Structures are given as structure tokens and as C-alpha cells.
Amino acid sequence: MMKQLFPIKHVMGYVASLVLSAAALIVIYGDLSSSANMVVLLVTALIQASLQLFVFMHIGESADSKKELYINIAYAMFVALVTIFGTLFIFVWGWYA
Amino acid sequence: MDLDKFKVHGEPLIYGAMISIALATIGILVGLTYFKKWGYLWREWLTTVDHKKIGIMYILAALLMLFRGGVDAMMMRLQTAAPEMKFLDAQHYNEVFTTHGLIMILFMAMPFIIGLMNVIIPLQIGARDVAFPRLNAVSFWLFFMGAMLLNISFVIGGSPDAGWSAYFPLASLEFSPTVGNNYYSLALQISGIGTLITGVNFIVTILKMRAPGMTLMKMPMFTWSVLITNVIIVFAFPVLTVALAMMMFDRLFGSQFFTMANGGMDMLWANLFWVWGHPEVYIVILPAFGIYSEIIATFSKKNLYGYTSMVFSMLIISLLSFLVWAHHFYTMGQGAMVNSFFSITTMAIAVPTGVKIFNWLFTLRKGRITFTTPMLYTLAFIPIFTIGGVTGVMLAMASADYQYHNTMFLVAHFHYVLIPGAVFAVIAGFHYWFPKVFGFRLNERLGKHAFWWIIISFNVTFFPMFFLGLMGMTRRLYTYSKESGFGPLNMLSFVGAVGLAIGFVILVYNIYWSTRYMPRDTTNDPWDGRTLEWATHSPIPLYNFAIVPKVETRDALWSAKHDNIPLYTETKYTKIHMPSNTGKPFILGVVFFFLGFFLVFSMWIPAIVSGIGILVVLAFMSFDKDQGYYIPVEEIAATEKKLMRGETV
């Protein structure tokens, strides 16, 4: 009974996301090259994001059409990439120098 | 403890505000006790999860804030009415224009629109409530407590004073050492979380709870505009959340995100602010487009021209709204290539907007137009908004913008866009949907009086600002010399502001007058409407629709009235599942208010206690076992019978 009630999956997910956050701190406290740092950040961020989507947001669950989900994720990616690359465009690549 | 930091010194106006706030609070408390309304208030309003009541509370709060922001505006116009005025000092003027902007955008325009959404969307799609009624109450109380937190800043500790955009480095601890900008980061954060939750709630409601037969392309235009708006909310507000959190860390915990030393970058704030800020403009304007579309179709007695192009133009606007933000800071130092790119995307938005304007004009063409109050606002919107749009294209040209940037020309431009684009729309929507909610219309004669006062005074107030801007008057200027020659036009603008105030007073007087004297509307459909909200009774019963309607055409009610396509195929009532009221969202809002207040003043222990309090309330909400209740068939039948006879329930 207790085993069924205890949300083991979610607790594991929560612990995992804390560990991933801590792991990303290597970038600050470790002594890695900048490209190695970027790899660490990218990998931990990707795992973190999919952890959130699958464990906590149940993206694998709904049975019928997933069209809305994919459109939503595509839109979110669009906004995130536009924000990041737009900011780089303004302040780095296109900066008046 | 040092009590001195709570005090705001030296201004008779502020003492006046303190006294009036204290008197109003005492008046409300005494009144509630005297008339024994505490229980009523708690049962019917503070704990409600009914989308209609939450919508009404949003609109009431928005009207209150409209007057708060309006008084700010009057003070600014008075201070600049003549050269060398001594009405406000520089610091006070800074606080007034900052709170005017914040309140009008975030605590007036947004809640007014969200209020109309709340009342109308479930009705328009034939649903009985929103998808997450309790979350809806959480949204409202977070918004409300955020708004109150910002409002008390005026008398406790001092208001934010770095402009509504709070640009760094000015807004940093170094240059704004008062608590004002702490209020900014926390009040906006709290109400912003509420707005974000609203976004999620309404996307799910519209995607999942439409009446049978209502495909996406059969949705009323207001529903479409709200769907797209909420998509923008969900993607734009996280940027603000993060930016505000970084601001809070900078100001409270000594981080260096936006400072000029230690690797911080002040300009990144302006960048992040406008990544959210420009979509925000469309968050307040797209629902307005939806409201106008409904009103124009209803009062032209025609279906909306170019439905599909209306939908696609809004989708394109929603995408483009994320691609234009740098046009708010052309002069910040990025190169010509960047500015050209953002110039082009900005001008591109004029195309889908133009499509919409022409669609409205074609809807009007050969229509049987009735000039009701909501229709008058709509018709006034088209030319005034076009002036705003055209001056917007002028500002969009990066090279020309170097001349206009941060002048009164810009101030005139965005008031020409936002006032017809948001304020007229919510007033029009308010007049239009008022009989649905309260069961009687607002008086047309008073409504038209208010309309003419507002429309003429609006132009008298803001048109001179275009010329002031071209003459070189910068925005946020608290005083100027006689030799500058700005005096006469500013005086004209002040006269217009007085006229606007009179217009809004008439508008509110109309609500009072109509409540007392207007006859009850017995038709449930006083405007000969086209969409589902007019199919149910007014005032609306708790469950909205006794029988869920079936939709076959875009204007479902119109088809039912004129083409013999019946709305209801069922005739028997079935029991209706409804959510039960809960006080937890309200309590959550109150605890959030205290958390915000303690953080503003860096009182760590009480702040930590409040933070734990939030977690406790959230835990209680998570483990809530209340599954709602059923309204039995007999009760529905009795209610329907009463409503058919025109009695109130």
C-alpha cells in the first residue's frame, strides 16, 4: 500500500534535477576549458529539460492527438532561440564598434 | 527596528493620500460590520471560483486602478501645464510617471481585459467554467495583491521612480537607494505569476472545453484573439519573471547582473524588459481587436468580413511580436545592421494590422449600422488607432527615430495606440457585455455624453504632444522654462486632460444611474447578438447553460435565430458538476502580499516565515480532496423556470 502511494518517480525526478543543478556548478568551481564548460552546461540543461517534460509535465501520457503539444514546444523553442540569438545579435555580432 | 524607512516625508499631497487611504479603509471596515456583510463578502466573493464573479472582481479592480492612474496623469498634466510650475518636485514627479505607467499597463489594461475574458470566454464557447476554476481564483488574488503592494508604496517607503521600464543603471541600488524599485520587482513578480497562470488556464479552456461542434475555425473572433493572447502570455511572461528575479537579486542580495562593474551589463535589463515588453503590447491589444470584431459584426448586422484572414493576421502578429523588441532602444549603441533588421520586422507588423483594419471596414460596408455606445467607441477607434499606427511606422525607421527617441512624440504615439487600442476597447466591451452580466443596459444617452467628452478630450490632450515632441520636449520632463515655448501646447494638453477626467466621471455616474433607474432587460439578447453568450439568461445562472448548446456555424446564435439551425438538440436536464468555493487562493494571495512586503524592506525573518507559509498553503491545496458538487436536475429546472419568468435568482 505504502509503496503504491509513495510517488517514487517524482521524488527521484526531483533529486535528479537537484543533482543536475549542482553538477552545472562545475563550470564555476571547476577548472575546465570554456568549450568543456559549454558542453557541461548544454548536456545538463538538455537532461534537465527532458526530465521536467517527462516526469513532471507528463508529456508522454496523453493518448489522443499530440498536435497541440508539438506546436507549443515548437513555439517555445522559437521564442527561446529568438531571445538568445537576438540578444547575441544585438550585443555581440551587430554591436557598433 | 528603524521605523524611519517606512515613512515618506515632506509632501502635503502624500499626507493627504495617507489620510484618504486610512479613512477609506476604516470606512470599508465599518460599513462591512454595520451592514453585517462580512459573511456575504467571504462566501460570495473572496472564496468564489465562479468565472463570472472573478471577472467582475478583475473589472472592479481595473476601474479602481484606472482612477488611481488617472489621478497620476492629472497631476503630471497639471505640473507641466505652465512653465516653472511648483506643484510637484522632481522626485515626486518621477514617482508619479512611473506608477502611472505601471498601473495603467499592468494593473488597469491587463486586468480589465482578463476580467472580460473571464466573464465572456466560457460563455462564448458554451462551457460551464474555465478549465481550472480554483487556479483562476489564485490568478486573481495574486494579481490583486501585487497591485495592492505597488499601491501602498506611495505612502509606505516611497514609490518606484525609475520609469515604468526601470532601466538600469538608474534602477540599481547604487542610483536608486530607496525601496521604490524593490516594490517594482516584487509587485510585478507576484501579479506576473498570476497572469502566467491565467495564460495556462485559458489556453486549456479554449482548446479543451468548447461546445460540441465548435471547431477552431468556428470560434467567435473574441475567443480566437484571447487564445492567441494567452499563448503570447505564456511565452512572454517567463522572460519578465526571470528579469524581475535578477533585478530582485541585484537589489536585495548584491548580485551583479545589471550593474556596470564586476561583469554585469546594465543594457541587458533593457533588452530582457523589451523581449517581454513588446509582446506585452500585443497582449493588451489583440483582445481589443477581438472585442471590436464582435461589436462591429453585431451592430452592422453582418457576419465578420474575412474571418480566416483575421485569424491568420493575429497569428502572424503573435509571431512578429517576438521579433521587434530592439526598436525600443535604437539609440543604445547597436550597429546599423541590427537597427535595420528590427526596423523591417517592425514595419512588417503594419501589414497584418492593416489587413484587420480593412476587414473591419468591409464588415461595415453595406451593413445596417446602429450607433450604440459600444459601436461609437469602435468607430472612433479605427481612425485614431490609424494615426497611432502611422506615427508608429515613423518611429520604426531607426534613422528617423534618433530624432524622436524619448520625446513627447513617442508619448503621443503610444497613447494614440494604447488608448483606442486598449482603453476604448475595454469600455466598449464593458458597455456591450454589461447587460449580459447584470441584466440591464447602461443608459445610452449618458454613455454617448461620456463618449464625446472622452473622444474629443483625448485628441486635445495627446495631439499637441506630437508637436511638443517635434519641438524638442523630452518625455519625463518635470518642468521647463518659459523661453522653451512649450507652455501653450502643454496648457492645451492639460485642458484636454480635464475633459478626459469629466468624461470618465460621467462614465462612472452612468453605472450608478443605470443601476438605479434602467429597466430590466427581458430579452437576454438586447443587441441582437450573434454568438453563444447571448443564448443564455441575463444575469447568467451559476451553471451558464442548463443544456450545453450544439454549434454548427460561426455565428451560432444568429443561425439559430434566422436560419432555423437549433442550438439545443437535447431537451432534458442532466445534473451539472460544479467546483466548490475555497478560501485557499485568497489566503495564498495574502501570504504572498506579506512575503512581498517583507522582502521589499529586507526583513528576512518575517519573509522566511511568509515563504514557509506559502509552501504550507500550496501543500494544503495539493492535498485537497474536494471534488466539487452536483446541481440536481430539480434545482436546474426550478432555476430555469424562474429565469424564464424574468425573476432573479
Side-chain angles (χ1 to χ4, degrees), chain A residues 1-2 4-11 13-14 17-18 21 24-25 27-29 34 37 41 45 48-49 52-53 55-59 61-97, chain B residues 199-200 203-204 206-208 216 227-228 230-240 242-243 263 265-279 315 318-343 345 398 622-623:
Chain A
M1 185 61 192
M2 211 45 216
Q4 282 172 350
L5 277 177
F6 190 72
I8 182 76
K9 206 177 148 198
H10 294 87
V11 174
Y14 180 61
S17 69
L18 286 181
S21 304
L25 283 175
V27 173
I28 291 176
Y29 296 107
S34 72
N37 278 338
L41 285 180
Q48 182 82 265
Q52 301 293 329
L53 284 175
V55 179
F56 296 110
M57 298 168 94
H58 309 282
I59 202 161
E61 260 177 28
S62 100
D64 47 319
S65 153
K66 287 193 183 174
K67 202 171 69 191
E68 282 115 1
L69 281 179
Y70 291 127
I71 295 175
N72 259 313
I73 292 175
Y75 204 135
M77 291 299 286
F78 166 76
V79 172
L81 294 176
V82 161
T83 307
I84 294 166
F85 288 102
T87 304
L88 288 171
F89 178 49
I90 293 168
F91 290 109
V92 182
W93 305 321
W95 194 251
Y96 176 78
Chain B
V200 175
I203 291 176
V204 180
I206 295 174
L207 288 181
K208 294 287 179 196
L216 282 177
L227 174 63
I228 295 170
N230 283 298
V231 170
I232 305 181
I233 287 180
V234 167
F235 292 118
F237 265 77
V239 182
L240 180 73
V242 171
M265 188 176 187
D266 49 340
M267 286 176 286
L268 200 55
W269 166 266
N271 185 60
L272 289 176
F273 182 86
W274 288 114
V275 168
W276 160 79
H278 201 83
L315 285 172
S318 85
L319 280 174
L320 283 176
S321 72
F322 285 98
L323 291 169
V324 299
W325 75 93
H327 70 208
H328 293 271
F329 46 84
Y330 279 142
T331 58
M332 207 160 71
Q334 64 272 32
M337 207 239 304
V338 176
N339 279 352
S340 315
F341 175 84
F342 284 100
S343 267
T345 52
S622 302
F623 291 106

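Worth saying up front: this structure is predicted, and the values here are computed from it rather than measured. Labels below follow one simple rule: chain letters A, B, ... track the order of the sequence lines, proteins then strands, and each chain is numbered from 1.
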message: Within the supplied structure, the quantity of interest is the number of heavy atoms (other residues, nucleotides, ligands) at a distance under 6.0 Å from A:Phe56 CZ; does it exceed 12?
response: yes
query: Going from CD1 on A:Ile90 to CZ on B:Phe329, what distance comes out if it is rounded to the nearest 0.5 angstrom?
result: 4.5 Å
message: Quick check on the interface: out of B:Gln334, B:Met265, B:Met337, who has the most heavy-atom pairs with chain A under 4.5 Å?
response: B:Gln334
message: Counting the benzene-type ring for Trp, do B:Phe235 and A:Phe78 have ring centres under 6.0 Å apart?
response: no
field: Partners meeting side-chain hydrogen bond (donor to acceptor under 3.5 Å, both in side chains) with B:Trp325 (sequence neighbours left out)
entry: B:Asn271
- request: Measure the CG-OG1 distance between B:Leu268 and A:Thr87 for me, rounded to the nearest 0.5 Å.
  value: 6.5 Å
message: Angle between ring planes, B:Phe341 versus A:Phe89, binned at 30° and 60°: parallel, tilted or perpendicular?
response: perpendicular
task: Tell me, for A:Val79 versus chain B, whether the close heavy atoms (under 4.5 Å) come from the side chain, the backbone, both or neither.
output: side chain
statement: Comparing B:Ile203, B:Asn339, B:Val231, B:Leu319 against chain A, the one with the most heavy-atom pairs below 4.5 Å turns out to be B:Leu319
field: Residue among B:Pro279, B:Ser318, B:Ala336 with most heavy-atom pairs under 4.5 Å to chain A
entry: B:Ser318
